[in-house]
Protein chains: 2
Amino acid sequence: MAQAIRLRQASSPLKASCHQCSLSNLCLPLAIEENDLDSLEDIVQQGRIFNRGEHIFDQSTPFRSCFAVRSGSVKTSIITEGGEEQVTGFFMPGELIGLDSMSSDSYACTAKALERTSVCEFPVEKLEELTGKLPDLQHHMYHLMSQEIQNSHQLAMLLSKNTAEERIAALLLSLSSRFQRRRMSGTNFSLPMARNDIANFLGLAVETVSRVFTRFQNQGIIKARGREVELLDVEALQMVTREFSRQGSQ
Amino acid sequence: MAQAIRLRQASSPLKASCHQCSLSNLCLPLAIEENDLDSLEDIVQQGRIFNRGEHIFDQSTPFRSCFAVRSGSVKTSIITEGGEEQVTGFFMPGELIGLDSMSSDSYACTAKALERTSVCEFPVEKLEELTGKLPDLQHHMYHLMSQEIQNSHQLAMLLSKNTAEERIAALLLSLSSRFQRRRMSGTNFSLPMARNDIANFLGLAVETVSRVFTRFQNQGIIKARGREVELLDVEALQMVTREFSRQGSQ
DNA sequence: CGCCGTTTTGAGTGCGCTCAATGTTCGTGG
DNA sequence: CCACGAACATTGAGCGCACTCAAAACGGCG
């Protein structure tokens with residue numbers, strides 16, 4: 001069924017729309033010459049839709065494609081032998097999923113839509129073939145993968161050295177800047193993920209996340225009701241994230 | 001001075017030695033056809049030596065090259081604004097350093113030799129050029145970077161969910177398998193890094209690392225005197241790392 | 001309305017941190 | 001060759017942050 005949809009869209013006028021995509025300054029087209037965009041569009045399968053909770057791909061199934069988020073949001077997680085889940089990332093529109101799977105024949109994690117989500121699919125074989133021909137695209141892939149390593153190192157750092165408040169402040173600021181990049185409000189947004197996912201991602205208990213949210217609220221730093229969040233004092237949040245480094249340097 | 005050495009070696013018989021390198025099954029040559037090895041050797045600068053404590057590159061200096069460890073070992077770390085250090089990885093012979101810097105113009109971390117260390121240097125411009133021509137090499141680069149992302153995710157997982165004992169057991173087993181890969185003893189080796197580095201890497205206090213080492217020793221799982229380590233009961237160590245998942249699944 | 005999943009709030013405990021002191025290893029110079 | 005100091009490692013005592021366990025409040029949906 002998904003195939004049928006894909007085929008129909010591949011031959012529809014929708015196909016060649018990286019040109020008009022509002023995310024082309026974040027996504028793969030970023031580094032590409034105008035006239036090379038067509039070759040990228042030839043390999044991409046656009047506009048696949050997933051409902052909340054649906055899996056875009058599953059850990060340990062054959063690795064075929066990377067996916068760029070067009071709208072909505074995605075959570076990636078690893079399931080351990082013991083059945084425990086570890087959330088490895090949240091992906092917003094313009095961001096590329098699946099880079100951690102390029103070292104094996106099967107997906108290294110599971111990607112699940114947090115809300116109604118549209119993605120573009122890049123079959124990895126064709127993508128590799130294309131990056132071999134377009135040095136700028138290859139460079140961009142290296143760039144993205146390297147960025148992913150850095151992000152993960154940042155996360156490891158957050159997890160190993162920072163308090164619950166610092167971790168949550170950092171996440172809120174990260175989300176804020178990612179919303180802003182899309183020309184959306186950086187101070188007033190709706191969290192796509194549940195408290196549980198935040199807790200898992202940040203290595204905390206759900207209860208701790210909840211407590212920190214209310215603490216921030218009592219301090220007048222944020223206003224939160226459910227998933228609706230308003231950052232009232234961004235500077236204060238930044239202070240929180242740097243609190244640790246301050247103590248360390250004194 | 002380093003340049004002079006490099007130049008001399010580049011024109012010496014030492015130059016073309018990826019062929020004979022005992023690590024070629026771990027390093028970049030891995031995925032390359034025999035006759036393509038020459039092009040790789042054309043760009044690599046082999047045999048640069050660093051003494052214990054010397055920096056191979058420094059965070060925030062211009063990013064020029066990736067480095068493969070030939071012998072010895074390397075520690076990479078990030079220095080935060082506050083001056084705090086976060087160890088992001090340990091690199092053993094055959095492993096590639098600098099992949100996390102390919103998204104920017106400057107190194108994302110500092111690489112320091114933990115002992116007398118020899119590295120091969122791959123200027124990134126030439127490397128990118130070459131991977132554009134050799135699909136297998138490009139694939140291998142994707143593979144390595146993806147692996148690096150996965151490693152970092154593993155680390156994040158360890159840091160967010162596991163106890164001190166589990167983290168240290170995991171590190172010991174990781175080192176063990178990496179020694180074994182080089183046909184060295186997997187049960188009897190010498191730690192290249194100080195307790196301090198282990199603690200920092202694993203998000204623990206030095207004292208905790210020390211305590212866990214003695215605890216393991218009292219349990220007869222390992223024998224440790226200073227940096228000399230002997231794994232007496234590998235299965236027990238594996239049990240420790242899985243302990244968490246077990247509880248989770250029950 | 002009543003149910004279920006999610007979020008919040010409360011009470012008590014424990015792991016790993018901090019602070020402090022002692023022990024060990026190693027390089028350096030007397 | 002040994003004495004000395006600096007860096008590294010170990011051990012102990014006490015404390016605090018975040019976890020666990022438990023229960024109540026909220027919100028969405030049939």
Side-chain angles (χ1 to χ4, degrees), chain A residues 51-53 75 84-87 112 114-116 158-171 190-219 222-229 240 243-244 247-248 250, chain B residues 51-53 75 84-87 112 114-116 158-171 190-219 222-229 240 243-244 247-248 250:
Chain A
N51 286 316
R52 177 182 220 262
K75 160 186 105 173
E84 284 292 310
E85 179 181 19
Q86 162 74 10
V87 176
K112 184 193 254 191
L114 289 170
E115 54 196 312
R116 191 150 222 270
L158 210 60
L159 294 173
S160 82
K161 295 209 151 54
N162 294 38
T163 66
E165 296 199 353
E166 289 158 1
R167 297 183 205 183
I168 289 175
L171 177 63
S190 158
L191 298 173
M193 72 294 278
R195 295 282 187 278
N196 213 340
D197 294 326
I198 296 179
N200 189 309
F201 180 63
L202 295 178
L204 299 169
V206 198
E207 297 94 324
T208 305
V209 174
S210 196
R211 274 185 256 269
V212 171
F213 266 86
T214 54
R215 216 177 301 160
F216 281 167
Q217 194 157 218
N218 293 338
Q219 294 169 0
I222 68 170
K223 207 175 104 190
R225 272 217 352 235
R227 296 193 176 186
E228 290 315 311
V229 174
V240 173
E243 215 152 82
F244 170 76
Q247 290 176 355
Q250 281 169 4
Chain B
N51 286 316
R52 175 183 221 260
K75 160 186 105 173
E84 285 291 311
E85 179 181 19
Q86 162 76 7
V87 176
K112 186 193 254 191
L114 288 170
E115 54 195 313
R116 192 151 222 269
L158 209 61
L159 293 173
S160 81
K161 294 208 152 52
N162 294 41
T163 67
E165 295 198 354
E166 287 158 2
R167 298 183 205 184
I168 289 174
L171 177 63
S190 160
L191 298 172
M193 72 295 278
R195 296 282 187 279
N196 215 336
D197 294 326
I198 296 179
N200 189 309
F201 180 63
L202 294 178
L204 299 169
V206 198
E207 298 93 326
T208 305
V209 175
S210 197
R211 273 185 258 269
V212 171
F213 266 86
T214 54
R215 217 177 301 161
F216 280 167
Q217 194 155 216
N218 292 338
Q219 293 170 2
I222 68 170
K223 207 175 104 190
R225 272 218 352 235
R227 296 192 176 186
E228 291 313 313
V229 174
V240 173
E243 214 152 83
F244 170 77
Q247 291 177 353
Q250 281 169 3

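Throughout, protein chains are lettered first and strands after them, A, B, ... in sequence-line order, and every chain is numbered starting at 1.
- Rounded to whole Å, atom P of D/dA9 lies 13 Å from atom CD of B/E228.
- With DNA chain D read from its 5' end, the first of the two nearest nucleotides for A/R225 and A/V209 is the one closest to A/V209.
- Spacing between atom CG of A/L204 and atom C1' of C/dT7 amounts to 16 Å, rounded to whole angstrom units.
- Distance CG (B/N196) to P (C/dT25): 18 Å, rounded to an integer number of Å.
- Atom CZ of A/R52 sits about 13.0 Å away from atom CZ of A/R116, to the nearest 0.5 Å.
- For the pair A/E165 and A/R215, the salt-bridge criterion is met [side-chain N within less than 4.0 Å of a carboxylate O].
- For the pair B/M193 CE and D/dA7 C1', the computed distance is 18 Å after rounding to whole Å.
- Applying the 3.5 Å distance criterion, the base of C/dT18 shares a donor-acceptor pair with the side chain of B/R211.
- Contact check on A/E85 versus A/K112 returns no salt bridge, with no Lys/Arg side-chain nitrogen under 4.0 Å from an Asp/Glu carboxylate oxygen.
- In this structure, the separation between CG on B/L204 and CG on B/N196 is 11.5 Å, given to the nearest 0.5 Å.
- Taking atom CG of A/L159 as the reference point, atom P of D/dA18 lies 13 Å away to the nearest angstrom.
- The distance between atom CD1 of B/I168 and atom P of D/dA9, rounded to the nearest whole Å, is 13 Å.
- With distances taken from any side-chain atom of B/R195 to the nucleotides D/dT10, C/dT8, C/dC17, the minimum falls on D/dT10.
- Of the candidates C/dG16, D/dA22, D/dA9, the closest approach to any side-chain atom of B/A164 belongs to C/dG16.
- Across D/dA9, D/dA18, D/dT20, the shortest atom-to-atom separation from the side chain of A/T208 is found for D/dA18.
- Interatomic distance, CD1 of A/I198 versus CZ of A/R227, reported as 8.5 Å (0.5 Å rounding).
- A straight line from CG of A/L191 to P of C/dT7 spans 10 Å, rounded to a whole angstrom.
- With hydrogens and angles ignored, a donor-acceptor pair under 3.5 angstrom links the side chain of B/E207 to the base of C/dC19.
- Between A/N218 atom CG and C/dT8 atom C1' the separation is 12 Å, expressed in whole Å.
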